[in-house]
Amino acid sequence: MAKKHTTMQNNLPILIFATNNQHKVAEIQSVAGGYFNIITLKAAGIDIDIPEPYDTLEANATEKSSIIFKMTGQNVFSEDTGLEVPALNGEPGVKSARYAGEGRDFQANIDKLLLNLEGKPNRGAQFRTIVSLILDGKEYLFEGICKGKITEDQKGLQGFGYDPIFIPAGSDKTFAEMTMDEKNSFSHRKKAISGLIAFLGK
Ligand code: IMP
């Protein structure tokens, strides 16, 4: 049985974040402060592997927030992110987590992407995030895009996923060479959450 979170802290809205990815929690927590309080799934007493069964980011984000809303009845948000590479017809896209197989192995995904891009002149790419917010039982979607390019070699140790091979436009560093604040100044996830924050402020 999930714990209920019906009280307000600091007079700010309380939202459950429907993810088990602690990197995402840390990134969003660093921008949410002052706007809303995040309850992690762990803190809500929920221990499930949330499925991502659909072939769009929007449908997967909706699925994640809906599952947790049905379990708790609480206000909740989720996000789904994909790395979209035009030279690979938009891949890995919605399949970014499992690009190299069900193991969801970050290094194997990077190796596969670099191999598939070998010899291709266009190394442009974008991260796209869809945030699904369920507030008082109604769903709202927010999008964030970060354009950039894929490096030839991986660099940096911060972050997660494809961060070591992605340089956002306007920088010469990969996301994995940046502090969280630097990454947030460019990031798709920050942009999508900024939409949610603006909406909550209305
Ligand atoms: P998810 O399905 O939204 O959990 O994310 C799909 C996959 O995209 C993750 O497993 C990561 O490999 C990758 N990904 C998502 N966000 C980022 C990011 O900010 N940096 C690098 N990779 C990311």
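This chain uses plain numbering: 1 for the first residue, then up along the sequence. Because the structure is a prediction, the values reported are computed rather than measured. In listed order, ligands and their atoms are each counted from 1.
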Quick check: does any side chain N or O of Lys64 sit under 3.5 Å from a backbone N or O of Glu79, one acting as donor and the other as acceptor?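 The answer is yes, because a donor-acceptor pair under 3.5 Å joins these two groups.
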
With no hydrogens and no angle check, is any side-chain donor or acceptor of Lys120 less than 3.5 Å from a backbone partner on Ala87?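 No; judged by distance alone, with no hydrogens or angles, the pair does not exist.
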
Does a side-chain N-to-carboxylate-O contact under 4.0 Å join Glu182 and Lys173?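 Result for this pair is yes, salt bridge flagged.
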
Would you kindly say whether Tyr99 and Asp105 are connected by a side-chain donor-acceptor distance under 3.5 Å?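 No - no donor-acceptor pair under 3.5 Å links their side chains.
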
Which of these passes ring-ring contact (aromatic ring centres under 6.0 Å, His included) with Phe77: Tyr140, Phe199, Phe36, Phe69?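 That would be Phe36.
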
Please name the pair of heavy atoms, one in Ala43 and one in Ile39, separated by the smallest distance, quoted to 0.1 Å.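 Nearest heavy atoms, Ala43 then Ile39: CB-CG2, 4.0 Å.
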
Name the residues in contact with ligand 1, where contact means a heavy atom under 4.0 Å away: which are they?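 The answer is Lys24, Glu52, Lys64, Glu79, Asp80, Thr81, Ser96, Ala97, Phe106, Phe127, Phe160, Gly161, Tyr162, Asp163, Lys183, His188, Arg189, counting any residue whose heavy atom sits under 4.0 Å from ligand 1.
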
